[in-house]
Amino acid sequence: MDSLHEFDPSNEDSASINFSTNTIITNTNNSTHNPNNISVAAAATMASSSSSSPSSTLSRYENQKRRDWNTFGQYLRNHRPPLSLSRCSGAHVLEFLRYLDQFGKTKVHTQLCPFFGHPNPPAPCPCPLRQAWGSLDALIGRLRAAFEEHGGKPEANPFGARAVRLYLREVRDSQSKARGISYEKKKRKRPPQPPPALPPPPNASQ
């Protein structure tokens, strides 16, 4: 992956997400993070903005993809020890996704919660907040595209690693059960067909 372009720390888009140079600290021994050094709004923006409407313009998608790419680059730079993009693996992507979970806004009920499987719980509960599966799925899609746009080879794309796909599938299935909602794509209904034309009545004069 010698032709892979590394992240540019001076890119102004990374600053727009309000990350400081010591924003993210990762301990490779136990994969724990320091959540006190990151702006909640900054990290939440990355995943929560993944749920874009179909009417979103292409430029909005490209801008979000660039911000996500720069944010992940800053995550790698602040990793302990720092990681180069060429050495990033699917395991590091999973580490990043789990890190983002602490800034999620989606209530995911545990199996012990009385509201487990209820799409509209009638009362609050202490269950944790997580990143929604749809947000993470869209985020990975943008980062996967950005990786190849910056010279990465498709077969070496860490965002397309099997472990990442399995993780997203597990998140989808577990959140679907916990929240009592279905993530299955709805089949598009065909418009109703007009009834066949009736033959003209017989001529009474005949």
Side-chain angles (χ1 to χ4, degrees), residues 17-20 22-54 56 64 67-68 71-72 74-76 78-80 83 88-144 157-189:
I17 311 182
N18 299 325
F19 273 82
S20 63
N22 294 320
T23 291
I24 306 169
I25 300 177
T26 304
N27 187 321
T28 55
N29 294 327
N30 55 17
S31 297
T32 57
H33 310 279
N34 185 347
N36 297 323
N37 291 335
I38 186 171
S39 164
V40 174
T45 298
M46 186 173 185
S48 64
S49 58
S50 301
S51 303
S52 57
S53 63
S56 298
Q64 185 60 49
R67 287 193 295 269
D68 294 343
T71 302
F72 185 74
Q74 187 132 9
Y75 179 82
L76 294 183
N78 287 282
H79 196 280
R80 294 294 179 267
L83 280 170
C88 177
S89 67
H92 297 117
V93 175
L94 293 182
E95 187 180 79
F96 178 64
L97 293 181
R98 294 188 180 104
Y99 173 81
L100 290 179
D101 246 347
Q102 63 187 301
F103 305 104
K105 298 180 180 180
T106 299
K107 179 77 71 172
V108 180
H109 302 289
T110 65
Q111 292 186 352
L112 298 178
C113 178
F115 304 136
F116 182 84
H118 287 252
N120 299 303
C125 67
C127 291
L129 296 175
R130 296 286 185 260
Q131 293 289 352
W133 165 77
S135 297
L136 294 179
D137 187 59
L139 170 63
I140 288 299
R142 290 194 299 270
L143 290 174
R144 184 174 182 175
N157 194 327
F159 304 102
R162 183 173 182 270
V164 175
R165 296 197 306 270
L166 291 176
Y167 176 78
L168 289 175
R169 186 182 305 169
E170 290 174 1
V171 171
R172 181 194 63 186
D173 294 344
S174 63
Q175 289 192 7
S176 177
K177 294 177 182 178
R179 302 176 62 200
I181 59 177
S182 175
Y183 287 118
E184 297 297 331
K185 293 183 178 180
K186 296 182 179 179
K187 294 182 179 180
R188 184 177 298 177
K189 294 183 178 180

K.L.:
Can you list the residues that meet the side chain to side chain contact (heavy atoms under 4.5 Å, CB included) rule with R169, with sequence neighbours excluded?
P.N.:
L166, R172, D173
K.L.:
Is R165 reaching over with its side chain to a backbone N or O of G160, donor-acceptor style, under 3.5 angstrom?
P.N.:
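Yes: the side chain of R165 pairs with the backbone of G160.
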K.L.:
For S89, which residues count as a side chain to side chain contact (heavy atoms under 4.5 Å, CB included) partner, sequence neighbours excluded?
P.N.:
A91, H92
K.L.:
Would you say that T110 contacts F116 through its side chain, given a criterion of any heavy-atom pair below 4.5 Å between the two side chains?
P.N.:
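No, side chains not in contact.
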K.L.:
Sequence neighbours left out, what passes side-chain hydrogen bond (donor to acceptor under 3.5 Å, both in side chains) with R130? Give chain and number order.
P.N.:
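R130 satisfies side-chain hydrogen bond (donor to acceptor under 3.5 Å, both in side chains) with no other residue.
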K.L.:
Would you sort out whether I140 and V93 count as a side chain to side chain contact (heavy atoms under 4.5 Å, CB included), showing the intermediate values?
P.N.:
CA-CA 9 Å; I140 288 299; V93 175; 3.7 Å; yes
K.L.:
Where the side chain of S176 meets the backbone of I181, is there a donor-acceptor pair that is under 3.5 Å apart?
P.N.:
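Such a contact is found between S176 side chain and I181 backbone.
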K.L.:
Looking only at atom types and distance, does a side-chain atom of Q74 sit under 3.5 Å from a main-chain N or O of T71, one as donor and one as acceptor?
P.N.:
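No, because the side chain of Q74 does not come within donor-acceptor range (under 3.5 Å) of the backbone of T71.
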K.L.:
Look at the aromatic rings of F159 and F72 and report parallel, tilted or perpendicular, splitting at 30° and 60°.
P.N.:
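F159 and F72: perpendicular rings.
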K.L.:
If I take atom CZ from residue R98 and atom CG from residue L136, how far apart are they, to the nearest 0.5 angstrom?
P.N.:
11.5 Å
K.L.:
Distance check, rounded to the nearest 0.5 Å: R144 atom CZ versus L139 atom CG?
P.N.:
13.5 Å
K.L.:
With side chains defined as the heavy atoms from C-beta onward, is the minimum distance between K107 and P124 less than 4.5 Å?
P.N.:
no
K.L.:
Would you name the heavy atoms of D101 and Q131 that are closest together and state the gap between them?
P.N.:
OD1-N, 2.9 Å
K.L.:
Could you pull out the closest heavy-atom pair between G90 and V164, with the gap in Å?
P.N.:
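The answer is O-CG2, 3.9 Å.
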K.L.:
Enter the distance from L94:CG to F96:CZ here, rounded to the nearest 0.5 Å.
P.N.:
12.0 Å
K.L.:
Measuring only between side-chain heavy atoms, which start at C-beta, is L83 closer than 4.5 Å to C88?
P.N.:
no
K.L.:
Which pair of heavy atoms, one from R142 and one from D68, lies closest together, and at what distance?
P.N.:
NE-OD2, 2.6 Å
K.L.:
What pair of heavy atoms forms the shortest contact from H109 to F115, and how long is it?
P.N.:
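Where H109 meets F115 most closely, the heavy atoms are CD2-O, 3.5 Å.
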K.L.:
For the CG atom of L112 and the SG atom of C127, what is their distance to the nearest 0.5 Å?
P.N.:
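Going from the CG atom of L112 to the SG atom of C127 covers 8.5 Å.
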